[in-house]
Every structure is written in C-alpha cells, then in structure tokens.
Amino acid sequence: MITPDQTSIQVLGTAAIASPLRLAHRSGKGPGAFVSDETRVRYQIETATGHDLPADIFFEKAGPRETLFFLPRETKAAIVTCGGVCPGLNNVIRSAVMELYYNYGVRQVYGIRYGYAGLNPKIGLPPIELTPKSISDIHEKGGTILGSSRGQQPSDVMAEFLVEQKIDILLCVGGDGTLRGAQDVATEVQRRGLNLAVVGIPKTIDNDVMYMSRTFGMTTAIEKAHQILDCAHSEARSAYNGVGVVKLMGRDAGFIAAGATLASQEVNFCLIPEVPFVLVGKHGFLEALQRRLESAHHAVIAIAEGAGQDLIRDLPVETDPSGNRRYADIGVYLKEQIVKYFRQADIPVDVKYFDPSYFVRSVPANCEDALLCDLLARNAVHAAMAGKTNLVVGFWSGTFTHIPISLAVSEKKRVDPQGLLWSSVLATTGQPRQWVDQAPGPAR
C-alpha cells in the first residue's frame with residue numbers, strides 16, 4: 001500500500017507568473033477553470049465502514065494553474081517519443097504543440113528525434129522545429145513523426161544536451177522504460193540546480209503503468225485485435241476441427257488479450273501472463289482443446305505474448321536495448337504443440353495462426369484514444385508550465401492526476417486473476433478456471 005508522502009509532487013520553485021489562459025478562477029464561474037495545487041483526487045475508489053480502514057491516499061489533481069513558473073514568451077519546450085510505436089503518439093505531439101503555441105504563447109517547440117538517442121549529440125540527430133503548420137494533420141497517421149527508439153542514453157549526456165539547447169521543458173512520451181529515463185534526466189538536472197521541467201505522458205498499449213485507469217493506445221489495440229479475432233473465428237468455423245490461434249501484445253500484462261476476448265465474444269481460450277497454464281497431461285490445455293473440438297469442431301485461442309514462457313525451456317536469456325527480456329514466440333510454439341498433439345492422437349485439425357502485433361500497434365488512434373491523448377498532452381503542458389517536474393500525468397477514475405514517476409514505475413500493473421475483468425473472460429470463454437478436467441464451454 002502506498003503512503004501519502006509517495007504522492008508528493010516536485011516543483012522547481014515558486015510559480016508567480018500570471019497564466020495567459022482565460023479561465024474562471026474557480027469551477028462553475030465560466031467555461032473551464034484553473035485547478036488549485038491543493039485539489040486532490042482520491043486513490044481508493046471503493047471504501048467500507050469499520051474501524052480499521054487504511055489511511056486515505058490522494059493524488060494531486062492535474063489541470064491548468066493560475067500562476068506559472070515559466071514565462072511563456074521566453075520558454076523553449078521539447079517533446080520526445082520512445083519505445084515501440086503505439087496508436088496516438090502523433091495525437092499527443094499535435095495537442096502538446098497546439099496547447100503550447102496557441103494557448104500559452106510558447107513559440108519555441110522542438111521534437112527530439114528517435115527517442116533518447118536524439119538527446120545524445122554523438123548520434124547526430126538534431127531536433128526539428130514543431131509548428132502548428134508542420135503538425136496540422138499528423139493525428140491522422142499511425143506511428144510517430146519524430147521517430148522512436150528503445151534504450152537509454154547516459155543521463156549526464158542527455159542533461160548536458162538539454163542545457164546546450166536551452167530547453168526549459170521536456171515532455172517524455174513512453175512506457176515504464178521511458179519514464180525511468182525521464183526520471184534519470186529530472187534527477188540529473190535537479191542535481192545541477194537547473195530549472196528544467198520533465199513531465200511524462202504514459203504510452204503503452206499493454207496498459208501496465210501503475211496508478212492509472214488506462215494508458216493511451218490500449219482501446220485502439222483492443223478494437224483492432226477484436227477484428228483479428230473475428231477473422232480467426234471465421235477461419236476456424238469454416239474448417240472441420242478448425243483452430244484459430246491469435247497472438248496479441250502483452251509482455252507482462254494481458255489487458256489486450258482479455259479486453260479483445262470480451263469484445264469479440266468468439267474466443268474459447270484466453271491465455272495471459274498472469275494466469276499460468278499447463279500444456280500437457282490430464283489437466284492440460286491441449287486436452288481441454290480436444291474436448292472443445294469434440295463438442296463444437298472449432299476453437300479460437302487468444303494468447304498474450306508473455307503467456308506460457310515457462311513452457312519454453314533451454315533458451316538463452318537475452319534483453320532488448322531497453323533492458324526488457326526477449327520472450328520466446330509463444331504463439332508459434334503453441335501452434336506447433338497443437339499440431340503435434342492432434343497428429344499423435346490421430347485427430348484431424350486445421351490450425352490457422354495470426355500474429356497481428358505490428359498491425360495492431362501501428363494504426364492511428366480511434367476516437368476514444370484520440371480524446372485521451374489530447375487531454376493527457378494538454379495536462380502535461382499545464383504541469384510543466386507551472387514548474388512541476390519528475391511526474392507523469394495519470395488518468396484515474398475519470399480524472400487527470402499528477403503521479404510521481406518513482407511511484408508510477410515502482411511496479412507494473414497486471415490483470416488481477418481474482419478481479420472482475422478475468423472473471424468476465426472466464427464466463428465468456430467457458431474455459432477451465434484452474435485448468436481442471438471439466439466440460440467444455442458452450443458451442444458457438
């Protein structure tokens with residue numbers, strides 16, 4: 001359980017410059033309103049009566065402040081996108097530029113190219129100027145116009161580059177690895193006594209950043225994964241003992257697989273990292289699949305990329321440039337094991353394998369994600385202009401919040417095997433709850 005001191009937000013100094021935003025001084029007195037630094041958002045959405053309740057935890061509410069730390073006309077801001085591509089990256093870039101340029105009057109906004117590599121002068125990727133004209137239609141495209149990369153650069157090198165470029169605000173768009181890099185930069189500039197605000201914007205379709213209801217890109221990914229699952233269902237139903245295996249993104253969290261399963265309603269087995277499964281034997285997945293084919297003659301399997309890694313042994317441990325362990329391809333492995341099992345049982349089976357990972361993450365944002373991207377970006381600008389730093393903008397219970405980066409990266413959010421989401425998946429698929437021998441789910 002987190003403590004109140006863990007939610008404290010760092011500031012560069014006293015905010016004493018009047019904001020140029022034309023907003024009401026308090027809620028209900030006009031369109032929009034400034035947010036006081038004392039306004040809080042409750043962390044515990046649910047509560048109960050009793051004498052042994054834990055202490056209330058509150059997050060600082062995000063939003064425009066009445067006074068700023070930075071003088072807009074003298075401020076220079078930069079935006080960097082890191083990690084894998086994700087629906088909505090260009091939306092975030094566009095909304096941040098528009099907020100800075102038109103609402104605050106910041107005329108110097110730059111894009112850092114190819115992730116944190118662009119903050120290392122030895123790599124030779126100078127920033128590009130971002131203007132309302134240059135970003136006018138980028139939200140219609142997938143990917144990121146700035147380019148992206150994985151992996152960190154030395155924090156002292158990145159800080160020195162920002163100083164040389166006279167950057168006052170750095171907006172870092174990415175997942176937990178990116179946020180750790182942002183924290184390193186914020187810590188280094190603070191050590192040097194510099195007035196440079198570092199604010200994170202959470203990007204991960206896996207939705208695995210803590211203390212946030214969801215991160216941008218996830219709903220678009222679920223929507224596209226849903227379409228692939230429906231195609232897999234069509235393929236499976238069109239063949240005798242047809243099996244559609246769909247591998248979806250989700251290294252350590254199965255939110256996409258679970259969400260797409262519920263959206264599709266055509267999935268018979270959903271396999272996620274949080275719920276280990278047995279492949280062979282009396283209580284194994286393959287016997288459950290056999291029972292399903294005996295009753296309905298087709299099946300659809302959604303499997304997250306991080307599921308079942310314990311089943312694939314004797315592989316060398318490798319990591320990507322971000323330090324993440326490279327996982328074995330569980331999708332291909334599962335397909336091979338299905339084919340092998342049914343061949344040995346002398347049962348005909350027709351397996352179709354789908355791996356839409358790069359398609360799912362590279363499309364433009366849908367309406368719901370586009371709205372979230374816009375509000376996350378604008379709230380990040382508000383925080384930075386007010387001199388807040390070493391934080392990431394969160395979205396909690398319908399409200400935007402400020403979360404210290406140290407807290408956001410302290411652990412990963414995962415699907416709760418005892419929670420409503422997973423219970424709904426089990427009810428929808430009819431798959432065994434604990435991989436025990438029982439009747440197959442209803443035929444579809």
Side-chain angles (χ1 to χ4, degrees), residues 5-17 19 35-41 59-72 74-82 92 96 99-100 104 106 108-110 112 116 119 152-153 155-203 209 211-212 376-394 400-410:
D5 61 296
Q6 290 178 285
T7 66
S8 179
I9 299 299
Q10 295 180 24
V11 295
L12 296 175
T14 302
I17 299 169
S19 173
V35 175
S36 167
D37 274 344
E38 282 67 50
T39 305
R40 295 293 185 267
V41 176
F59 296 128
E60 184 176 283
K61 185 176 181 179
R65 272 25 184 194
E66 195 166 355
T67 53
L68 310 179
F69 181 81
F70 293 106
L71 186 63
E74 297 178 0
T75 299
K76 188 174 183 180
I79 306 169
V80 61
T81 56
C82 306
V92 168
E99 183 69 29
L100 285 162
Y104 280 100
V106 175
Q108 299 180 83
V109 185
Y110 292 84
I112 306 300
Y116 288 137
L119 293 177
Q152 305 287 10
Q153 299 294 325
S155 58
D156 58 334
V157 171
M158 294 191 289
E160 187 63 32
F161 179 83
L162 293 168
V163 171
E164 291 176 356
Q165 295 292 320
K166 298 181 179 179
I167 300 296
D168 301 296
I169 289 172
L170 178 65
L171 303 182
C172 303
V173 190
D176 59 347
T178 302
L179 295 177
R180 288 189 177 90
Q183 183 180 30
D184 290 344
V185 173
T187 301
E188 177 63 20
V189 297
Q190 184 180 35
R191 187 187 67 80
R192 299 184 181 202
L194 303 174
N195 289 329
L196 195 159
V198 181
V199 176
I201 300 172
K203 173 233 73 173
V209 179
Y211 307 109
M212 301 182 190
L376 284 171
R378 293 182 188 278
N379 278 296
V381 171
H382 295 324
M385 290 299 297
K388 299 178 184 295
T389 189
N390 208 359
L391 69 93
V392 56
V393 178
F400 292 89
T401 61
H402 294 156
I403 311 293
I405 293 179
S406 59
L407 183 60
V409 301
S410 60

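Owing to the predicted nature of the structure, the values given are computational and were not obtained by experimental measurement.
- For Ser406, the side chain to side chain contact (heavy atoms under 4.5 Å, CB included) test picks out Gln183, Pro404, with sequence neighbours left out.
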Please report the C-alpha distance between Lys388 and Asp37 in whole Å, then the side-chain angles of each, then the deciding distance to 0.1 Å, and finally whether the salt bridge (charged side-chain N to carboxylate O under 4.0 Å, His left out) criterion is met.
CA-CA 11 Å; Lys388 299 178 184 295; Asp37 274 344; 2.9 Å; yes
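- Atom CD1 of residue Ile79 and atom CD1 of residue Ile112 lie 9.5 Å apart, to the nearest 0.5 angstrom.
- Atom CG in Leu407 sits 6.0 Å away from atom CZ in Phe59 (nearest 0.5 Å).
- Two residues are said to be in side-chain contact when any heavy atoms from C-beta on lie closer than 4.5 Å; Ser19 and Arg65 fail this criterion.
- With a 4.5 Å cut-off on side-chain heavy atoms, Glu99 and Tyr104 count as touching.
- Here the CZ-CD1 distance, from Phe69 to Ile17, works out to 8.0 Å after rounding to the nearest 0.5 Å.
- Within the model, atoms OG of Ser8 and CD of Glu60 stand 8.0 Å from one another, a figure rounded to the nearest 0.5 Å.
- Heavy atoms only, all atoms of each residue included: Ile405 and Ala182 are closest at CD1-CB, 3.9 Å.
- The side chain to side chain contact (heavy atoms under 4.5 Å, CB included) test with Thr389 is passed by exactly one of Leu170, Val199, Val11, Leu12: Leu12.
- With sequence neighbours excluded, the residues satisfying side chain to side chain contact (heavy atoms under 4.5 Å, CB included) with Arg180 are Gln152, Asp176, Val409.
- Under a 3.5 Å cut-off, the side chain of Ser36 and the backbone N or O of Glu38 do form a donor-acceptor pair.
- Minimum heavy-atom separation, Val106 to Thr75: CG1-O, 3.4 Å.
- Evaluation of the side-chain hydrogen bond (donor to acceptor under 3.5 Å, both in side chains) rule for Thr81 yields Thr144 as partners, not counting sequence neighbours.
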For residues 158-169, tabulate all N or O donor-acceptor pairs below 3.5 Å that involve a side-chain atom, not counting sequence neighbours.
unit_1, atom_1, unit_2, atom_2, d
Glu160, OE1, Arg192, NH1, 2.5
Asp168, OD2, Lys76, N, 2.8

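- We find the CG-CG distance between Asn390 and Leu179 to be 10.0 Å, quoted to the nearest 0.5 Å.
- Put simply, the side chain of Met385 reaches to within 4.5 Å of the side chain of Leu100, judged on heavy atoms.
- At a threshold of 4.5 Å between non-hydrogen side-chain atoms, the residues Gln153 and Leu119 do not count as touching.
- Of the residues Val381, Asn379, Leu171, the one that meets the side chain to side chain contact (heavy atoms under 4.5 Å, CB included) test with Val393 is Asn379.
- To the nearest 0.5 Å, atom CE of residue Met212 and atom OG1 of residue Thr401 are 6.5 Å apart.
- Scanning both residues, Ala384 and Ala197, for their nearest heavy atoms gives O-CB, 4.0 Å.
- A donor-acceptor contact shorter than 3.5 Å links the side chain of Lys203 to the backbone of Cys82.
- Residues passing the side-chain hydrogen bond (donor to acceptor under 3.5 Å, both in side chains) test with Gln108, sequence neighbours excluded: none.
- Annotation: side chain of Cys172 is in contact with side chain of Val198 (closest heavy-atom distance under 4.5 Å).
- Partners of Tyr211 according to the ring-ring contact (aromatic ring centres under 6.0 Å, His included) rule, which considers only residues two or more places apart in sequence or in another chain, are Tyr43.
- Summarising the geometry of Val392 relative to Pro202, their closest heavy-atom pair is CG2-CD, 3.7 Å, with the distance given to 0.1 Å.
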